[in-house]
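Residue numbers start from 1 in every chain, and the chains themselves are labelled A, B, ... in the order their sequence lines are given, proteins ahead of strands.
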Amino acid sequence: MLYQRPRGVNDILPEEVGRWQQAEATFRDLCRVYNYEEIRTPIFEQTDLFVRTVGENTDIVSKEMYTFEDRGGRSLTLRAEGTAPTIRAYLENHLQGQDPERLVKLYYLSPIFRYDRPQAGRYRQHHQVGAEAIGSPRPEVDAEIIQLSLTFFERLGLEEVTLLLNSVGCQQCRPQYVSALQEFVQPHLHQMCEDCQRRYETNPLRLLDCKNETCRQIMQQAPSMLDMLCDECATHFDRLQQTLDLLGIDYTIDPQIVRGLDYYTKTAFEFMAPGLGAQDSIGGGGRYDELIEQCGGPPTPAVGVGIGLERVLIAQQVAGAVEEVQPRQGVFVVTIGEQAWPEGLKLLTKLRAVGLKAEIDYRQRSVRAQLRYADSEGYQWAAILGEDELKQQSVTLRDMVSGQQESLPQSELITRLQVEDE
RNA sequence: GUGGGCGUAGCUCAAAGGUAGAGCACUUGACUGUGGCUCAAGUGGUUGGGGGUUCGAGUCCCCUCGUCCACCCCA
């Protein structure tokens, strides 16, 4: 074998593609019901789009992007996440129209590229479905996005998904919190891990979710963002919880949820599924009220979610929510002898022309071999053509489940199969 | 980016320096025009790739690629 696929990427094979299509169709249908419209943006963007929105000091930007220069010397980056390109397209194509407060609801299905060390549930190309609601500051819209996501998981048979909820504040209150946090950490900094010493400067919020034992002990006493939210953020968070309660959605408040992208404000949430090992987050999102203005648009509040399809499919498997058995379908044309072969080809063509799945054995093997193949490939019918049938202009139709067969005129075969098909 | 486990037939796995094997799958036959069960035979391998040690390497050493796990991070 001369070639193999690049590290950390997957081929999705015919036997598994049905599960992908099912998940995709489920998401599309939910989006239709929730009134989100599909948007498709390019597979690469100007590098700056990601750098400036996701944040220069995030892991995604500092070490995980697939960045390259095109022949014109432009720096481009493969889609590293879904929100920034969607917002770029929203602004560039004036989707907000004449009404600056119009609520624009978009969804996407897209590959995402991140250069990271692969392991189970983590790949260099993965696929996300996502939804963005742009133009409303209301917490009810946050709840809608969360509800849409949870319904998606539920429809795919994932019953033990948990929702972790937090608020990360806004321009008003977060800087104060960050200073408070730094002030708290400062005296302990020398005992903390290298990463945290770096985070202290570059991304202090991430100090909160360090897994290092010593760091965790120290951070347990740290002030909580939730205690320092400004009035607006606190009210928003309260009302989001009230709405979730109203809609019967369970959640756990977790002040550790920070999210790895800098643009989040107020609401941040994450969905966890059991059985995925270290990579147990199957989706996440939040509000990003400052992002659109930062991209050069008018101040526009928005909220969104991104869900990892690979992980959802793994979680489905772990949960035993995978139903495999495909119903039998189609006709296998069995020909016996040289005379029957051309008639078989003609019959095959007619069957296909009316939309029936039909196949023939181009190797013209024994009846035995043809029937065995028809059986193992899951055909519902065998249409047998041999000398006897040719003489009578008939065909022998065999039911591959019951084994019963009958002789009928060739002219009636198609109508007969179409009736059976219903 | 760091540390560790593993790469042998299409698949799941044996072979502890001495002839590369089994089960399943596949093909053919028993059954000269009938699948599933049974039985028999057969096809199938540069042991991930490259280099080295050795009379001799799937096995030991080095490099490399891939994969899995943990860290990190995320979906």
Note to self: Considering every strand and a 4.0 Å limit on heavy-atom distances, what is the contact class for A369(A): base, sugar-phosphate, or nothing?
What the structure shows: sugar-phosphate
Margin query: Quick check: on RNA chain B, is the nucleotide nearest E389(A) upstream (toward 5') of the one nearest R122(A), or the reverse? Name the residue that is more 5'.
Written below: E389(A)
Check: Does Q119(A) get its side chain close enough to the base of U67(B), under 3.5 Å, for a donor-acceptor pair?
Finding: no
Margin query: With salt bridge (Lys or Arg N to Asp or Glu O under 4.0 Å) as the criterion, how do K105(A) and E132(A) come out once you've worked through the C-alpha distance, each side chain's angles and the decisive distance to 0.1 Å?
Written below: CA-CA 6 Å; K105(A) 307 209 291 187; E132(A) 316 284 350; over 6 Å; no
Next item on the list: State which of U27(B), A75(B), G33(B) makes the closest approach to the side chain of I336(A).
Entry: G33(B)
Note to self: What's V401(A) touching, base or sugar-phosphate or nothing? Going by heavy atoms closer than 4.0 Å.
What the structure shows: base
Next item on the list: Check whether the side chains of H126(A) and Q128(A) place a donor and an acceptor atom closer than 3.5 Å, and report yes or no.
Entry: yes
Checklist line | Residue Y123(A), side-chain heavy atoms: nucleotide from C74(B), A75(B), G36(B) that is nearest | finding: A75(B)
Check: Within a radius of less than 6.0 Å around CZ of R52(A), do more than 12 heavy atoms belonging to other residues, nucleotides or ligands occur?
Finding: no
Margin query: I'd like the P distance from C61(B) over to U54(B), given in whole Å.
Written below: 16 Å
Check: If you measure from the P atom in G52(B) to the same atom in G4(B), how many Å do you get, rounded?
Finding: 27 Å
Next item on the list: Can you run through RNA chain B from 5' to 3' and write each base as (, ), [, ], | or . depending on how it pairs? Watson-Crick or G-U wobble, both distances under 3.5 Å.
Entry: (((((((..((((....[..)))).(((((.......))))).....(((((..]....))))))))))))....
Note to self: Does R117(A) reach a base, just sugar-phosphate, or nothing at all? Heavy atoms under 4.0 Å.
What the structure shows: base
Check: Of V367(A) and I282(A), whose nearest nucleotide on RNA chain B comes first from the 5' end?
Finding: V367(A)
Note to self: Please pick, from C68(B), C72(B), G29(B), the nucleotide with the shortest atom-to-atom distance to any side-chain atom of Q279(A).
What the structure shows: C72(B)
Item checked: Out of G33(B), C72(B), U67(B), whichever nucleotide has its closest atom nearest the side chain of R7(A) -> U67(B)
Notebook entry, point to check: Do any N or O atoms from the side chain of S167(A) and from the backbone of F237(A) form a donor-acceptor pair under 3.5 angstrom?
Noted result: no
Check: Hey, is E359(A) close enough to R352(A) for a salt bridge, meaning N to O under 4.0 Å?
Finding: yes
Note to self: Distance check, P atoms only: G1(B) and A16(B), in whole angstrom units.
What the structure shows: 37 Å
Notebook entry, point to check: Taking Y251(A) as the fixed residue, which of N166(A), T162(A), D245(A) is the one that meets the side chain to side chain donor-acceptor pair (under 3.5 Å) rule?
Noted result: D245(A)
Check: Under 3.5 Å, is there a donor-acceptor pair linking the side chains of T77(A) and T67(A)?
Finding: yes
Next item on the list: Classify the nucleic acid contact of D116(A) as base, sugar-phosphate or nothing, counting any heavy atom under 4.0 Å across all strands shown.
Entry: base
Margin query: Starting the side chain at C-beta, find the nucleotide from C68(B), C73(B), U28(B) nearest to E64(A).
Written below: C73(B)
Margin query: When you measure only distances, ignoring hydrogens and angles, does the side chain of R368(A) come within 3.5 Å of the base of G36(B) through a donor and an acceptor?
Written below: no
Margin query: Does G8(A) reach a base, just sugar-phosphate, or nothing at all? Heavy atoms under 4.0 Å.
Written below: sugar-phosphate
Check: With a 4.0 Å cut-off on heavy atoms, is E387(A) in touch with a base, just the backbone sugar-phosphate, or nothing at all?
Finding: base
Next item on the list: Look at the side chain of R398(A) against the base of G35(B) and say whether a donor-acceptor pair falls under 3.5 Å; ignore hydrogens and angles.
Entry: yes
Check: How about F68(A) and Y66(A): are their ring centres within less than 6.0 Å of each other?
Finding: no
Notebook entry, point to check: Which nucleotide sits closest to the side chain of Y115(A): A75(B), U28(B), G1(B)?
Noted result: G1(B)
Notebook entry, point to check: Reckon I384(A) touches a base, only the sugar-phosphate, or nothing at all at heavy-atom distances under 4.0 Å?
Noted result: base
Checklist line | Among G35(B), A75(B), U34(B), the one nearest T396(A) by side-chain distance | finding: U34(B)
